[in-house]
Protein chains: 2
Amino acid sequence: MYDPDFIAGCAELAMLLEVSATPKPGNVDRTHDFEDVTYEHFLASSVGTFPVFKKAASARHRIGGLILDAVQASATWQSAGNCHFGAILLLIPLCAAARKSSTISQLKTNLVSVVKQTSSADAIQFYKSFRSVHVRVGEHHYLDVNDASSLQAIQQQNLTLLDVMQISSPNDTIAKEWTEGFPRTFYGAELMTHYVELGFSVKNSIVHLFLQLLSEFPDTLIAKKFSTDVALEVSAKAAHVLKEGDADEFDKELVARHINPGTTADLVIGSLFVVLLGGFRY
Amino acid sequence: MYDPDFIAGCAELAMLLEVSATPKPGNVDRTHDFEDVTYEHFLASSVGTFPVFKKAASARHRIGGLILDAVQASATWQSAGNCHFGAILLLIPLCAAARKSSTISQLKTNLVSVVKQTSSADAIQFYKSFRSVHVRVGEHHYLDVNDASSLQAIQQQNLTLLDVMQISSPNDTIAKEWTEGFPRTFYGAELMTHYVELGFSVKNSIVHLFLQLLSEFPDTLIAKKFSTDVALEVSAKAAHVLKEGDADEFDKELVARHINPGTTADLVIGSLFVVLLGGFRY
């Protein structure tokens with residue numbers, strides 16, 4: 001079985017490596033901050049969430065409660081609020097599933113059980129965590145978080161957190177990961193391993209991974225903040241950059257347009273967690 | 001009393017913030033790696049040492065054994081060996097002293113007890129940690145680490161780890177911190193608080209802190225690697241940069257000459273730990 005300190009360390013290092021890769025077009029990275037959130041906020045959020053990942057990796061706890069704990073721990077350590085919401089939604093079930101695993105293959109199997117075992121209590125805790133930070137919510141997204149009747153609906157219909165993710169999945173890649181067994185997360189882990197084997201540095205492998213995932217999966221955050229068309233346009237550009245473009249130019253363009261592919265960053269974190277848990281060292 | 005997770009989190013975030021500040025003349029930072037050690041190695045080392053800092057902050061353990069544990073934990077998570085040796089020598093007693101503290105004033109008092117309570121067993125563990133990583137050792141530095149008679153001398157004369165630090169202190173700022181109650185560490189914490197209050201960003205405050213400490217305390221690592229004269233020259237240049245110079249130019253010069261003020265970086269980490277433990281958030 002993986003050790004809880006090791007599991008939580010993999011989660012934290014995944015967050016640190018992701019935010020540190022550069023150029024990571026459009027997102028906060030070590031070379032540029034946003035007005036309301038800086039690179040240093042991400043460092044503090046990564047440190048602050050470690051104990052919650054360790055808790056998830058140590059004993060069976062409610063997934064919804066762990067998500068709420070992690071969101072609050074992140075916000076205790078820095079003032080920029082929602083730094084890692086999507087990453088936490090992936091990492092909490094990953095850490096919980098890693099607890100009973102000794103291999104990545106077992107991790108895959110256990111992940112399916114972990115999300116299936118969620119209840120309506122988990123869904124309610126998830127909504128609380130949603131409210132405790134500012135999260136961008138599109139229409140028809142995770143029911144309507146600001147509507148008290150959503151909570152009633154969860155209770156009356158006894159919707160589990162997995163049910164809520166099912167409802168949200170048509171428009172949300174993180175929710176899709178939950179309902180489909182985290183295929184993009186594991187796919188990204190394979191890509192990362194491949195890039196490292198090709199001899200790319202850790203930093204360049206992560207940039208490559210980011211662009212590849214962005215090119216294949218239109219970014220949920222961009223779709224919600226702008227439109228599906230913009231998300232598709234950005235994915236097409238990422239594909240172009242991978243073939244013959246300039247990542248620095250792409251970065252400048254996205255930053256200038258305030259387009260940040262935040263969901264892709266979350267997927268990269270999930271993939272890095274899997275790679276580190278599988279034994280990757282540098 | 002400070003919580004163990006909080007204490008260890010402060011140690012880790014101090015390491016992350018220090019390596020992330022830029023330009024930090026001559027050292028690895030987010031904009032430049034060395035040939036044998038990269039920014040990503042420091043991230044992994046910071047993550048890997050957290051459980052040992054938590055152990056130090058949770059119950060009474062031998063300081064020498066904790067130092068050995070931390071050095072080995074760092075090396076388990078990355079392949080560049082001695083990333084944080086000096087920082088660990090400061091942070092382990094700081095975390096152990098924080099365990100029984102509720103204020104920075106108590107931390108100061110408890111630090112003196114912690115180092116006074118070391119024994120020859122601690123000194124021997126310290127030597128083991130020294131040997132497990134490549135640490136630059138000048139003449140007359142920490143006795144002679146490669147000489148078996150040093151270990152015999154420790155046992156025969158019943159030298160404590162504090163005694164060893166006393167012997168090394170004329171030529172080593174970290175050893176001086178041990179024997180003098182960590183005055184530069186706490187002074188740096190006051191400076192950092194002052195810079196933040198002046199309205200500098202976290203990143204710029206750390207760069208300023210680094211330059212100020214470098215200007216006042218000739219860097220031990222530079223003195224050992226080159227000479228006392230070079231260390232004095234670099235300190236004088238740091239003072240000049242603070243007044244009217246260009247930190248980027250200074251950085252380029254030191255990098256070109258392979259001069260890295262590593263001991264100053266260690267002091268900055270100690271100071272940041274104190275500031276974070278005292279409640280600083282951003």
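Numbers restart at 1 for each chain; the letters A, B, ... are given by sequence-line order, proteins then strands.
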Trainee: Return the set of residues passing ring-ring contact (aromatic ring centres under 6.0 Å, His included) with Phe50(A) (not counting sequence neighbours), or none when no residue passes.
Mentor: Phe50(B)
Trainee: Does anything in residues 194-202 of chain B get under 4.5 Å of chain A by heavy atoms, and if so which residues?
Mentor: Val202(B)
Trainee: Under 4.5 Å heavy-atom distance to chain B, tell me which part of Phe6(A) shows up: side chain, backbone, both or neither.
Mentor: both
Trainee: Looking at every non-hydrogen atom in both residues, tell me the closest pair between Leu16(A) and Leu43(B) and how far apart they are.
Mentor: O-CD1, 4.0 Å
Trainee: Suppose a student defines contact as a heavy atom less than 4.5 Å from any heavy atom of chain B. Which residues in residues 266-282 of chain A would they list?
Mentor: Arg281(A), Tyr282(A)
Trainee: With chain B as the partner, which of Gly48(A), Ala80(A), Ala44(A) has the greatest number of non-hydrogen pairs under 4.5 Å?
Mentor: Ala44(A)
Trainee: How long is the straight-line distance from OG1 of Thr38(B) back to NZ of Lys203(A), given to the nearest 0.5 Å?
Mentor: 8.5 Å
Trainee: Taking non-hydrogen atoms and a cut-off under 4.5 angstrom, which of residues 19-30 of chain B neighbour chain A?
Mentor: Ser20(B), Arg30(B)
Trainee: So, for Val47(A) and Gly9(B), which heavy atoms are closest and what is the spacing to 0.1 Å?
Mentor: CG1-O, 3.5 Å
Trainee: Please report the interatomic distance NZ(Lys55(B)) to CG(Asp5(A)), rounded to the nearest 0.5 Å.
Mentor: 11.0 Å
